[in-house]
Peer 1: 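If you scroll down you'll find the structure; I have some questions about it.
Just so it is clear, the model here is predicted, and its values are computed rather than measured.
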Amino acid sequence: MKKAISVCLLVLLLLSLLAILFAKLVVVERDHAAAQVISSLAICIAWISLVFIIPIRAIRWFMLLTPLIASLLILGLYRLQLDGELGFTLSPRWARPSLPEVTSGNPATLELGLDRSDDWPGFWGKERNGVIDSIQLQPDWEKFPPKLVWKQPIGEGWSSFAIRGELAVTMEQRESEEWITAYNVNDGKLVWKQALPGRHASILGGVGPRSTPVIAGDSVVACSAIDSVVCLELLTGSMIWQSSLSTIGGFTQSDFETCVSWGRSGSPLATTSSHGNMVIVPMGGSNLQKNTLVALRLDNGQEAWRSGTDQISYSSPCLVNLHGIAQILYVSEQNLISVDPDTGEQLWNAPWSSSSAGDANTSQPVVIDNNRILITKGYQRGAKLLEVLFENGAWTISDVWVNETVLKTKFTSALHYQGYLYGLSDGILECVSLADGKSVWKKGR
């Protein structure tokens, strides 16, 4: 009997080692996170099999308990942070970042300008398409490397920058507060800050704000990772208005976070409509009460309209023009939706399902032209090219092609350039033909 058990354990050990090799050599090219899970489980099984093959009980207990005690000791001294590919980093629990204090500089001396061509007023730029026109860069960075002008430590978070003139606005975590901050792009000095109480943190999602502010005229609108939408004066950071999304939507924060696990990531969208200037924000809610988008008036924060009943995702709304009709596109938890920016009326939708507590939608839709839109995501879902037609007052949406093996843009978004699509497919740079959705090349991590 003991001999049979030993043989089974040896077989299990060998199978586990083969699983590790398979994950590291094969699965990693398709899904790095899946490879991490498979190899981690296989390592545990291999280790336990090896322990029980050893006949001496004292050595067994030593081999079992030593890694467990060491792991508990390490986790007691260090914070564990997982990334999107389930890799991990450890940071000392006693360490505190060195962060800049607010300077006493006069923000009125900053050059802001109006409608500068090189401004970047919000997430993914002026058109929210990730494209910068008319820029000249050295293509060979080995011969002509970029030069560091300044470097400034800031708090934790996932926010990028909104830039107008010499002022760059972002969000960051400072202890138990989320800060909206403005930095001088010439020297990196902090010009002003506005603090919101709250701290969003999770082992998978990390710490801090997730969305990027938007600059609309002389105002900045920002959405916290938890619940608040605020409008501030661009030059000074002074509060103009503040709204609670859970209060507007009629749900509790705890119910919301059971559905949307990793914090609010949708960046506000600023629009001008027949009803005045507005900001559109993903709202969401609970399983019982939710709306997809809400429009707030820029001058006072009052609700203008709300739209849809899908749960929100981690994507951001964008304003586009299809067939001469202005519309807001947003990838929700279940659909790509199109909404009238004046009224919030839904114009059309295309299914693109996910779970905002699991295989989440995060990527931006990519408008190719009047008739075609690309949507992408990770979690083995890949890419889909949609045809969007408008005839006789009716919208018709159909698939041009679907390919689950390309452009698995888990936390990033794809770009279109001259008939080809580019993106990080599970972390690996990939080029895909727009015509047929087939991979042209894929390499690098």
Peer 1: For the residue pair Ser211 and Ser159, establish whether any side-chain heavy-atom pair is separated by less than 4.5 Å.
Peer 2: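 Counting from C-beta outward, Ser211 and Ser159 never come under 4.5 Å.
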Peer 1: Give the intermediate values and the outcome of side chain to side chain donor-acceptor pair (under 3.5 Å) for residues Glu172 and Thr181.
Peer 2: CA-CA 7 Å; Glu172 55 191 275; Thr181 49; 2.7 Å; yes
Peer 1: Where do Leu434 and Leu385 land on the side-chain contact (heavy atoms from CB on, under 4.5 Å) test, with the steps shown first?
Peer 2: CA-CA 8 Å; Leu434 174 65; Leu385 184 65; 4.0 Å; yes
Peer 1: Short question: side chain of Ser413, backbone of Ser363 - any donor-acceptor pair under 3.5 Å?
Peer 2: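 A pair under 3.5 Å: no.
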Peer 1: Would the distance check show the side chain of Lys151 and the main-chain N or O of Gly188 forming a donor-acceptor pair, the cut-off being under 3.5 Å?
Peer 2: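 No, because the side chain of Lys151 does not come within donor-acceptor range (under 3.5 Å) of the backbone of Gly188.
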Peer 1: For Trp352, does the six-membered ring have the charged nitrogen or CZ of Arg381 within the cation-pi criterion, i.e. under 6.0 angstrom from the centroid and within 45° of the normal?
Peer 2: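 The answer is yes, since Arg381 meets both limits relative to Trp352.
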Peer 1: Got a second to check how far Tyr420's OH is from Cys431's SG, nearest 0.5 Å?
Peer 2: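 Output value for this atom pair is 6.5 Å.
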Peer 1: Minimum heavy-atom separation for Gly130 and Leu415, please, with both atom names.
Peer 2: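 Closest heavy-atom pair between Gly130 and Leu415: O-CD2, 4.1 Å.
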Peer 1: If I take atom CG from residue Leu319 and atom CD1 from residue Ile280, how far apart are they, to the nearest 0.5 angstrom?
Peer 2: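 Rounded to the nearest 0.5 Å, the CG-CD1 separation comes to 8.0 Å.
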Peer 1: Answer yes or no: is there a side-chain heavy-atom contact under 4.5 Å between Glu333 and Ser353?
Peer 2: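 Glu333 does not reach Ser353 side chain to side chain.
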Peer 1: Have a look at Lys384 and tell me which of Leu374, Leu336, Leu407, Ile375 forms a side-chain contact (heavy atoms from CB on, under 4.5 Å) with it.
Peer 2: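 Option passing the side-chain contact (heavy atoms from CB on, under 4.5 Å) with Lys384: Ile375.
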Peer 1: Any side-chain to backbone donor/acceptor pair from Tyr330 onto Ser313? Under 3.5 Å, distance only.
Peer 2: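 Yes, Tyr330 side chain to Ser313 backbone: donor-acceptor pair under 3.5 Å.
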Peer 1: Return the minimal non-hydrogen interatomic distance between Gly344 and Ser307, and the atom names on each side.
Peer 2: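 Between these two residues, the closest heavy atoms are O-OG, 2.5 Å.
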Peer 1: Counting distance only, does the side-chain N/O of Arg210 pair as donor-acceptor with the main-chain N or O of Gly205 below 3.5 Å?
Peer 2: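 Yes; judged by distance alone, with no hydrogens or angles, the pair exists.
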Peer 1: Report the relative orientation of the aromatic rings in Trp348 and Trp395; use parallel for angles under 30°, tilted for 30 to 60°, perpendicular for over 60°.
Peer 2: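 Rings of Trp348 and Trp395: tilted, as their planes differ by 30° to 60°.
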Peer 1: Answer yes if the side chains of Asn186 and Asn184 hold a donor-acceptor pair under 3.5 Å, and no otherwise.
Peer 2: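 Their side chains do contain a donor-acceptor pair, which is all the 3.5 Å distance test asks for.
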Peer 1: So, for Asp218 and Arg164, which heavy atoms are closest and what is the spacing to 0.1 Å?
Peer 2: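 Between these two residues, the closest heavy atoms are OD1-NH1, 3.3 Å.
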Peer 1: If you look at every heavy atom in Leu322 and Asp369, which pair is closest and at what distance?
Peer 2: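 Taking every non-hydrogen atom into account, CD2-O, 3.8 Å.
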Peer 1: Judged by atom type as modelled, is there a donor-acceptor pair below 3.5 Å linking the side chain of Thr258 to the main-chain atoms of Asp255?
Peer 2: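 Judged by distance alone, yes, a pair lies under 3.5 Å.
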Peer 1: With no hydrogens and no angle check, is any side-chain donor or acceptor of Thr170 less than 3.5 Å from a backbone partner on Phe161?
Peer 2: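 A pair under 3.5 Å: no.
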Peer 1: If you define the side chain from C-beta out and look only at heavy atoms, does anything of Asn361 sit under 4.5 Å from Gln334?
Peer 2: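 Answer no - side chains too far apart.
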Peer 1: Does the pair Lys438 and Val406 meet the rule for a side-chain contact (heavy atoms from CB on, under 4.5 Å), with working shown?
Peer 2: CA-CA 7 Å; Lys438 293 182 179 179; Val406 301; over 6 Å; no
Peer 1: Side chain to side chain donor-acceptor pair (under 3.5 Å) for Asp227 and Ser246? Distances and angles first, verdict last.
Peer 2: CA-CA 6 Å; Asp227 179 63; Ser246 60; 3.0 Å; yes
Peer 1: Which heavy atom of Ile248 sits nearest a heavy atom of Ser243, and at what distance?
Peer 2: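 In this case the closest contact between Ile248 and Ser243 is CD1-CB, 4.0 Å.
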Peer 1: Kindly indicate whether the side chain of Met283, heavy atoms from C-beta on, has any atom under 4.5 Å from the side chain of Phe251.
Peer 2: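 Met283 vs Phe251: side chains touch.
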Peer 1: Indicate yes or no: at least one non-hydrogen side-chain atom of Leu293 is less than 4.5 angstrom from one of Val281.
Peer 2: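 They are not in contact (no side-chain heavy atoms under 4.5 Å apart), so the answer is no.
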Peer 1: Do Gln173 and Arg199 pass the side-chain contact (heavy atoms from CB on, under 4.5 Å) test, and can you show the C-alpha distance, the side-chain angles, and the key distance before you say yes or no?
Peer 2: CA-CA 7 Å; Gln173 192 70 45; Arg199 176 185 175 91; 3.5 Å; yes
Peer 1: Does Arg264 make a cation-pi contact with Tyr314 (under 6.0 Å, within 45 degrees of the axis)?
Peer 2: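 No, Arg264 does not lie over the aromatic ring of Tyr314.
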Peer 1: Would you say that Trp192 contacts Leu167 through its side chain, given a criterion of any heavy-atom pair below 4.5 Å between the two side chains?
Peer 2: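 Result yes, sub-4.5 Å side-chain heavy-atom pair found.
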Peer 1: Measuring only between side-chain heavy atoms, which start at C-beta, is Leu298 closer than 4.5 Å to Val221?
Peer 2: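 With C-beta onward as the side chain, the pair touches.
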Peer 1: Short question: side chain of Gln364, backbone of Arg128 - any donor-acceptor pair under 3.5 Å?
Peer 2: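 No; zero donor-acceptor contacts below 3.5 Å.
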Peer 1: Could you walk me through whether His200 and Glu257 pass side-chain contact (heavy atoms from CB on, under 4.5 Å), step by step?
Peer 2: CA-CA 11 Å; His200 195 285; Glu257 292 194 5; 3.7 Å; yes
Peer 1: Would you mind telling me which of Asn291, Thr292, Asn335 makes a side-chain hydrogen bond (donor to acceptor under 3.5 Å, both in side chains) with Asp310?
Peer 2: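 By the side-chain hydrogen bond (donor to acceptor under 3.5 Å, both in side chains) criterion, Asp310 pairs with just one of Asn291, Thr292, Asn335: Asn335.
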Peer 1: Would you confirm whether Gln311, through its side chain, and Gly285, through its main-chain N or O, come within 3.5 Å as a donor-acceptor pair?
Peer 2: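 Yes; at least one donor-acceptor contact below 3.5 Å.
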Peer 1: Would you say that Thr212 contacts Val214 through its side chain, given a criterion of any heavy-atom pair below 4.5 Å between the two side chains?
Peer 2: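 Result no, sub-4.5 Å side-chain heavy-atom pair not found.
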Peer 1: Kindly give the heavy-atom pair with the smallest separation between Ala222 and Ile180, and that separation in Å.
Peer 2: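 Where Ala222 meets Ile180 most closely, the heavy atoms are CB-CG1, 3.8 Å.
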